[in-house]
Amino acid sequence: MNTICVVGASLAGLLTARALRAQGYEGRLVLVGDERHRPYDRPPLSKDFLRGDLTEADLALEGEGEELDAEWRLGVAAVALDARERRVELSDGTSVRADGIVIATGATARRLPGAGHLAGVHTLRTLDDARALRADLEEAGRLVVIGGGFVGAEVAATARDLGLDVTLVESGPAPLARVVGVPMAEALAALHVRRGVRLLSGSVVSGLTGEDRVDGVRLADGTLLPADVVVVGIGAAPTIGWLQGSGLDLGDGVLCDEAGGASVPGVVAVGDCAAWFDPVQGRHHRVEHWTGARQRASVAAATLLSGGTARTEARRPTYIWSDQFDVKIQFIGHAADADTVSVEAGDPAAHSFLAVYRQGDRPVAVLGVNQVRLFTRWRRQLETAPVQVG
């Protein structure tokens with residue numbers, strides 16, 4: 001290959017570019033990113049950066065003096081792809097013709113319909129989002145967070161640490177219930193309640209109030225929650241609109257085989273926009289977490305350089321972590337695969353415990369809350385256990 005174009009200059013794109021060089025690729029390497037920033041770390045945006053404990057320089061993903069010998073096209077979005085010709089059309093009117101394409105365009109935060117005209121309403125996905133939210137929180141007293149996923153829960157915890165009056169609205173039975181299951185999610189929710197967050201589970205938002213700036217959140221039951229700032233954390237959609245008509249198979253992301261190969265040769269996808277086939281679950285799905293990008297980047301690079309003939313690594317269970325207040329939450333596996341879950345160390349009431357999820361007698365997932373050493377032992381066990389397909 002003479003030219004490879006990596007579309008997406010965040011974590012997944014950077015890691016894949018590094019992997020290409022590490023695996024011997026010496027040709028032209030072009031990285032395209034719609035943000036003007038060099039690659040930066042996103043997880044701290046809802047925590048340390050929002051609190052003011054980290055600077056923008058601290059978020060940098062590139063090492064000092066790192067040299068990929070790459071052409072960087074930042075602040076320019078990909079607008080179309082001819083996958084068979086392997087030509088990427090860019091928003092500045094130029095295009096890149098390549099022998100290999102890496103799609104790493106990530107995901108875009110979902111927004112609340114009808115709220116686009118109101119100041120004080122935020123999503124949190126990018127550095128610019130975090131800058132704007134941090135500035136707004138400095139002047140605010142009351143925050144309402146809509147959505148109890150990881151971003152929503154982390155923002156709620158951070159804002160409470162900053163002294164704001166915080167209400168967290170979750171439509172499900174508890175924040176993070178879809179990830180860790182209801183019983184353990186309720187144990188985690190108790191942490192927020194204990195620290196002073198007003199938690200409204202099973203609540204549906206019907207709309208926002210205010211003229212030019214938001215001043216409240218109205219629930220479906222008529223309750224009005226006063227707010228100076230609102231954060232919408234209702235998930236993210238894969239950034240694949242620019243791929244319509246490209247010739248690639250699309251679904252909830254770019255549909256790929258289990259090694260990241262897309263439906264057209266010479267194209268791979270990695271990161272939040274990529275739906276790899278999982279032979280264990282028997283379906284395509286996206287892994288929207290930092291470790292997913294790290295684990296899959298080298299696989300995608302090998303797939304591209306080998307023309308799809310490289311041997312794939314053994315599948316590892318999904319690993320997730322989150323810092324909320326002074327508590328480290330770690331999770332590996334799939335709670336939905338389990339028949340039972342039991343606390344095997346510590347005490348949920350003390351917010352320090354380890355829970356094991358089992359399918360029959362087989363561990364399929366583990367949750368650790370301020371149990372880093374014990375969780376690490378369990379994580380190794382799950383990552384080295386034989387994979388059971390079907």
**Student:** Trp290 versus Asp41: any side-chain heavy-atom pair under 4.5 Å?
**Tutor:**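 The answer is yes, as the side chains (C-beta and beyond) meet within the 4.5 Å cut-off.
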**Student:** Below 4.5 Å, heavy atoms only, C-beta onward: do Arg160 and His192 meet side chain to side chain?
**Tutor:**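 Result no, sub-4.5 Å side-chain heavy-atom pair not found.
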**Student:** Hey, is CG on Asp221 packed in by over 12 heavy atoms from elsewhere, all under 6.0 Å?
**Tutor:**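 It does: Asp221 CG has more than 12 such atoms within range.
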**Student:** Assess the side chains of Thr158 and Asp161: does a donor N or O sit below 3.5 Å from an acceptor N or O?
**Tutor:**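 No, because no side-chain N or O of Thr158 sits under 3.5 Å from a partner of the opposite role on Asp161.
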**Student:** Take Val217 and Val230 through the side chain to side chain contact (heavy atoms under 4.5 Å, CB included) test and state the conclusion after the steps.
**Tutor:** CA-CA 8 Å; Val217 175; Val230 172; 3.6 Å; yes
**Student:** Are Ile103 and Leu248 close enough that some pair of their side-chain heavy atoms sits under 4.5 Å apart?
**Tutor:**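 With C-beta onward as the side chain, the pair touches.
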**Student:** Any carboxylate oxygen within less than 4.0 angstrom of a Lys/Arg side-chain nitrogen, looking at Lys47 and Asp323?
**Tutor:**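 No salt bridge links Lys47 with Asp323.
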**Student:** Is there a donor-acceptor pair closer than 3.5 Å between any side-chain N or O of Thr3 and the backbone N or O of Ala98?
**Tutor:**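 The answer is no, because no donor-acceptor pair under 3.5 Å joins these two groups.
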**Student:** Pairing donors with acceptors under 3.5 angstrom, does anything connect the side chains of Tyr319 and Gln330?
**Tutor:**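 Yes - a donor-acceptor pair under 3.5 Å links their side chains.
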**Student:** Any non-hydrogen side-chain atom of Gln371 less than 4.5 Å from a side-chain atom of Ser352?
**Tutor:**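 Touching, per the 4.5 Å side-chain cut-off.
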**Student:** Above 12 or not: heavy atoms from other molecules or residues under 6.0 Å from CZ of Arg111?
**Tutor:**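 For Arg111, atom CZ is not crowded (no more than 12 foreign heavy atoms under 6.0 Å).
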**Student:** Taking the basic N atoms (NZ, or NE/NH1/NH2) and the acidic carboxylate oxygens, is any pair closer than 4.0 Å for Arg142 and Asp165?
**Tutor:**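 Asp165 and Arg142: not salt-bridged.
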**Student:** I want to check something: taking the side chain as every heavy atom from C-beta on, are Val205 and Arg218 in contact at a cut-off of under 4.5 Å?
**Tutor:**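 Val205 does not reach Arg218 side chain to side chain.
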**Student:** So, are Arg36 and Asp128 salt-bridged, with charged N and O less than 4.0 Å apart?
**Tutor:**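 Looking at Asp128 together with Arg36, the answer is yes, because their closest N to O distance falls below 4.0 Å.
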**Student:** Please indicate whether Arg84 has more than 12 foreign heavy atoms, meaning atoms of other residues, nucleotides or ligands, lying under 6.0 Å from its CZ.
**Tutor:**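 Counting neighbours around CZ of Arg84, 12 or fewer heavy atoms of other residues, nucleotides or ligands fall under 6.0 Å, so no.
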**Student:** Can any side-chain N or O of Tyr357 pair as donor or acceptor with the backbone N or O of Val180 at less than 3.5 Å?
**Tutor:**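 Yes, Tyr357 side chain to Val180 backbone: donor-acceptor pair under 3.5 Å.
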**Student:** Locate the shortest heavy-atom distance separating Asp129 from Thr123; write the atom from each residue and the value.
**Tutor:**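 Looking at all heavy atoms of both residues, the closest pair is CB-O, 3.4 Å.
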**Student:** Could you state the interatomic distance from CG (Asp58) to CG (Asp48), rounded to the nearest 0.5 Å?
**Tutor:**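 The distance works out to 9.0 Å.
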**Student:** Return yes if some donor-acceptor pair links the side-chain N/O of Arg86 with the main-chain N/O of Pro265 below 3.5 Å, else return no.
**Tutor:**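 Looks like yes, one N/O pair under 3.5 Å.
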**Student:** Would you tell me whether Glu35 and Thr126 have side-chain atoms, one donor and one acceptor, within less than 3.5 Å of each other?
**Tutor:**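 Thr126 and Glu35 do not have a side-chain donor-acceptor pair below 3.5 Å.
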**Student:** For the rings on Phe353 and Phe375, is their centre-to-centre separation under 6.0 Å?
**Tutor:**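 For Phe353 and Phe375, the ring centres are not under 6.0 Å apart.
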**Student:** State, with a plain yes or no, whether a side-chain heavy atom of His285 is found less than 4.5 Å away from one of Trp276.
**Tutor:**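 His285 does not reach Trp276 side chain to side chain.
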**Student:** Of His37, Arg42, Arg38, which is the lone residue that meets side-chain hydrogen bond (donor to acceptor under 3.5 Å, both in side chains) with Tyr40?
**Tutor:**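 With Tyr40 as partner, side-chain hydrogen bond (donor to acceptor under 3.5 Å, both in side chains) holds for just one option, Arg42.
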**Student:** Looking at Glu383 and Arg379, is any side-chain nitrogen of the basic one under 4.0 Å from a carboxylate oxygen of the acidic one?
**Tutor:**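 Here Arg379 pairs with Glu383 in a salt bridge, since their nearest N and O are under 4.0 Å apart.
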**Student:** Give a yes or no answer on whether the side chain of Thr105 reaches the backbone of Thr239 with a donor-acceptor pair at less than 3.5 Å.
**Tutor:**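 Looks like yes, one N/O pair under 3.5 Å.
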**Student:** Do the side chain of Asp99 and the main chain of Asn2 share a donor and acceptor less than 3.5 angstrom apart?
**Tutor:**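 Yes.
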**Student:** Considering all heavy atoms of both residues, which atom of Pro279 and which atom of Glu258 are nearest to each other, and what is their separation?
**Tutor:**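 The answer is CG-OE1, 3.8 Å.
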**Student:** What pair of heavy atoms forms the shortest contact from Glu170 to Gly148, and how long is it?
**Tutor:**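 What the structure gives for the nearest pair is OE1-N, 2.7 Å.
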**Student:** How about CZ on Arg213, more than 12 heavy atoms from neighbouring residues, nucleotides or ligands closer than 6.0 Å, or not?
**Tutor:**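 Yes.
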**Student:** Could you tell me whether the side chains of Ser322 and Glu154 share a donor-acceptor contact shorter than 3.5 Å?
**Tutor:**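 Per modelled atom types, Ser322 and Glu154 side chains form a pair under 3.5 Å.
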**Student:** How long is the span from the CG atom in Leu219 to the OG atom in Ser171, to the nearest 0.5 Å?
**Tutor:**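 Reported value, rounded in 0.5 Å steps: 11.5 Å.
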**Student:** Between Arg195 and Asp326, does any NZ, NE, NH1 or NH2 come within less than 4.0 Å of an OD or OE carboxylate oxygen?
**Tutor:**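 Yes.
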**Student:** Are Arg358 and Glu344 close enough for a salt bridge, meaning some N to O gap below 4.0 Å?
**Tutor:**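 Salt bridge flag = yes for Glu344 with Arg358.
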**Student:** Do Ser95 side-chain atoms and Arg87 backbone N/O form a donor-acceptor pair below 3.5 Å?
**Tutor:**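 No, Ser95 side chain to Arg87 backbone: no donor-acceptor pair under 3.5 Å.
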**Student:** Quick check on Glu66: does its CD atom have over 12 non-hydrogen neighbours (other residues, nucleotides or ligands) under 6.0 Å away?
**Tutor:**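 More than 12 heavy atoms, drawn from other residues, nucleotides or ligands, come within 6.0 Å of this atom.
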**Student:** Does the distance from a Lys or Arg side-chain N to an Asp or Glu carboxylate O, for Arg125 and Asp272, drop under 4.0 Å?
**Tutor:**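 Looking at Arg125 and Asp272, the cut-off is met.
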**Student:** Would you say the side chain of Asp69 lies within less than 4.5 Å of the side chain of Arg21, judging by non-hydrogen atoms?
**Tutor:**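 Of all side-chain heavy-atom pairs linking Asp69 with Arg21, at least one is under 4.5 Å.
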**Student:** Does the pair Glu71/Arg73 count as a salt bridge with the N-to-O cut at 4.0 Å?
**Tutor:**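 No.
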**Student:** Does a side chain donor of either Asp278 or His284 reach within less than 3.5 Å of an acceptor in the other side chain?
**Tutor:**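 His284 and Asp278 do not have a side-chain donor-acceptor pair below 3.5 Å.
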**Student:** For residues Val254 and Ile240, determine if any side-chain heavy atom of one lies less than 4.5 Å from a side-chain heavy atom of the other.
**Tutor:**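 Side-chain contact under 4.5 Å: yes.
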**Student:** Checking Phe331 against Phe150 for the ring pair (Phe, Tyr, Trp, His ring centres under 6.0 Å) test, could you report, in this order, the C-alpha distance in whole Å, the side-chain angles of both residues, the deciding distance, and whether it holds?
**Tutor:** CA-CA 12 Å; Phe331 185 79; Phe150 282 106; 8.7 Å; no
